[in-house]
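After the structure tokens below, expect a handful of questions from me.
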Amino acid sequence: MTVETAQSRALDLVPFGAAQFPSLRQLRPVLLPVATAGTVLLLWQAVCLVFRIPHVILPAPTEIAGELWRILPTLLKEAIPTTLDSVASFCLASGLGVGLAIVLTYSPLLRDTLYPNLVAFQLVPKVALAPLFVVWLGITSESRIAFSTFASFFPVVISAAVGFEGADASTLRLCRSLTATDWQSFRLVRFPFALPAIFSGMKIAMTMSVIGVIIGEFISAKAGLGFYILYASSRMETAAIFAALFVLCMIGAALYGAVALAERHVRRHYGRR
Amino acid sequence: MPDSFVQNRVPAAATTQCVEVIEVSKIYHGGTQNAVEAVSSVNFSVPHGQFVAILGPSGCGKSTLLMMVGGLEAVTTGRIEVDGSPMAGPRTSIGIMFQDSTLLPWKSALDNVLFPIKVLKRPVQEYHDNAHALLDRVGLYGFAQKKPHELSGGMRQRVSICRALVYEPNVLLMDEPFSALDAITRDEMNGLLLDLWQQYTKTALFVTHSIREAVMLADRVLVMTQRPATIVEDLTIPFARPREMSIGESREFNEICGHLRERIEHSHFEGRR
């Protein structure tokens with residue numbers, strides 16, 4: 001009995017990819033969500049078949065899969081501008097967010113001036129401002145990137161500012177006692193301490209960037225997945241809408257996953273344990 | 001005019017005194033509340049190479065006093081001179097050890113020891129041997145590449161001792177460096193510090209609220225009390241160096257401790273009345 005528990009414990013400790021098969025308990029975080037999604041899909045399929053729901057209202061998963069396969073080349077082509085714009089606005093939002101957080105951290109005057117306005121400004125529903133960007137910047141890709149950046153930079157500012165403030169006070173005092181310059185204590189202490197916080201802001205920004213770009217494409221684009229969804233809906237091609245949504249989900253997951261992976265790497269290196 | 005009077009008087013003494021604290025007071029103006037006098041006209045001087053303990057109950061302003069000597073806090077009135085020149089801010093000739101080890105969690109023990117060298121922009125390579133020697137000296141042979149989370153509390157504080165010594169400051173200020181450690185580890189660290197002192201004799205100011213620790217380590221004990229926050233006793237400790245931890249069992253040692261305890265309790269009581 002005791003030997004068995006010891007063995008199963010040892011198994012738990014074996015890193016992934018080791019010779020042993022992973023135990024059921026180890027697979028749980030993967031199995032449970034996959035099983036749930038599978039069940040929902042099955043129910044969906046069953047409901048469509050049993051109640052004979054019209055394709056235009058709700059196509060069955062199998063139909064969507066067929067449609068996805070058929071129009072995949074088109075979808076992938078449309079996915080390119082959407083992905084590029086999302087990545088661009090994510091990068092801009094991250095850079096802008098961290099930059100603004102640095103300004104807020106180092107200038108009490110600017111913090112007192114800007115911070116309340118920044119928060120108040122967030123109360124404006126940003127989607128409602130999308131048409132303004134068309135008025136100001138036209139219907140180019142830059143206009144959509146600008147809107148999406150605007151919609152997604154806020155979480156980075158907040159989390160980075162919190163991270164910079166949260167850097168260990170006595171370590172900063174140590175820097176001061178060593179006559180470190182502001183730039184040195186920022187580079188060597190504040191920034192590394194804030195990295196985990198910055199990344200949690202960046203993860204939110206990544207999802208919001210994709211949303212921002214899709215909204216932009218709804219309004220002004222001649223290409224992209226957002227544009228394609230509108231186009232398909234105007235032709236009542238519901239299965240195509242779902243197929244486009246699926247591709248969009250995959251892109252979102254991949255982009256979010258990339259940021260999360262980078263975060264894990266950074267946390268392993270810089271996390272305080 | 002008292003300033004110029006002091007300046008005229010000091011140069012003769014400056015050759016022998018390393019730290020001079022002259023009529024120093026610190027007053028905090030806490031918002032609308034009445035001003036709090038954290039340190040009240042303190043006077044003392046420390047000759048080169050002497051180890052002085054500042055002993056007092058928590059919250060009596062002894063840490064504030066130490067931070068003023070280190071240039072991390074401004075004095076409200078009076079002046080502090082180190083090596084004959086008045087303190088205007090932190091100096092690299094003064095090393096400070098804080099209550100917690102303040103190690104950077106993402107750097108190895110060795111890199112943490114070398115952190116001041118990096119901040120001071122000295123050639124890190126030249127200090128490698130010195131850093132290794134210090135780590136060996138404090139019993140951390142083979143732990144140079146370990147991260148702080150892999151070390152015990154005592155080991156972390158040892159790393160921070162090495163970090164305070166590596167860039168060879170003339171004066172070492174220690175702000176209750178062992179108060180976060182358990183009693184056994186603390187004794188161990190006291191023994192280590194006694195040992196280190198035989199090798200690296202430096203001028204030292206050591207703030208503590210432990211009477212035994214003060215008597216064990218110091219050449220001289222200054223007793224500081226609250227209300228008024230000033231020094232009420234200046235006692236020379238008669239034990240010769242090198243010292244063994246076993247002096248702690250001697251009658252003389254315990255008599256000195258008893259006297260100091262009485263002094264602290266007495267002035268505490270006086271202050272309450």
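Computed from a prediction, not measured in an experiment: that's the story for all the values here. By convention in this document, chain letters (A, B, ...) are assigned in the order of the sequence lines, proteins followed by strands, and residues within each chain are numbered from 1.
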With a 4.5 angstrom heavy-atom cut-off, is it the side chain or the backbone of Arg91(B) that approaches chain A, or both, or neither?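 Contact with chain A is through the backbone of Arg91(B) alone.
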For Pro86(B) and Arg79(B), work out which heavy atoms get closest and say how close. CB-NH1, 4.2 Å
So which of Ile96(B), Asp100(B), Val119(B) has the biggest tally of heavy-atom pairs under 4.5 Å with chain A?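 Most heavy-atom pairs within the cutoff with chain A belong to Val119(B).
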Residues Met224(B) and Pro57(B): closest non-hydrogen pair is O-CD, 3.5 Å
Take a 6.0 Å sphere around CZ of Arg28(A) and say whether it holds more than 12 heavy atoms from other residues, nucleotides or ligands. no
Within 45° of the ring axis of Phe199(A) and under 6.0 Å from its six-membered ring centre, is that where the NZ or CZ of Lys203(A) lies?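 Lys203(A) over Phe199(A) ring: no.
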Check whether Leu104(B) gets within reach of chain A through its side chain, its backbone, both or neither, counting any heavy atom under 4.5 Å.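 Looking at Leu104(B), just its side chain touches chain A.
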Only one of Gln17(B), Arg220(B), Lys202(B) clears side chain to side chain donor-acceptor pair (under 3.5 Å) with Gln50(B); which? Arg220(B)
Under 4.5 Å to a heavy atom of chain A? For Met67(B) that would be side chain
Heavy-atom pairs under 4.5 Å with chain B: which of Thr179(A), Thr171(A), Leu174(A) has the most? Leu174(A)
With a 4.5 angstrom heavy-atom cut-off, could you sort out which part of Lys107(B) is near chain A: side chain, backbone, both or neither?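 Interface part for Lys107(B): neither.
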Could you look at Arg173(A) and say if it's the side chain, the backbone, both or neither that has a heavy atom under 4.5 Å from chain B?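 Looking at Arg173(A), backbone and side chain both touch chain B.
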Relative to each other, are the rings of Phe150(A) and Phe121(A) parallel, tilted or perpendicular (30° and 60° limits)? perpendicular
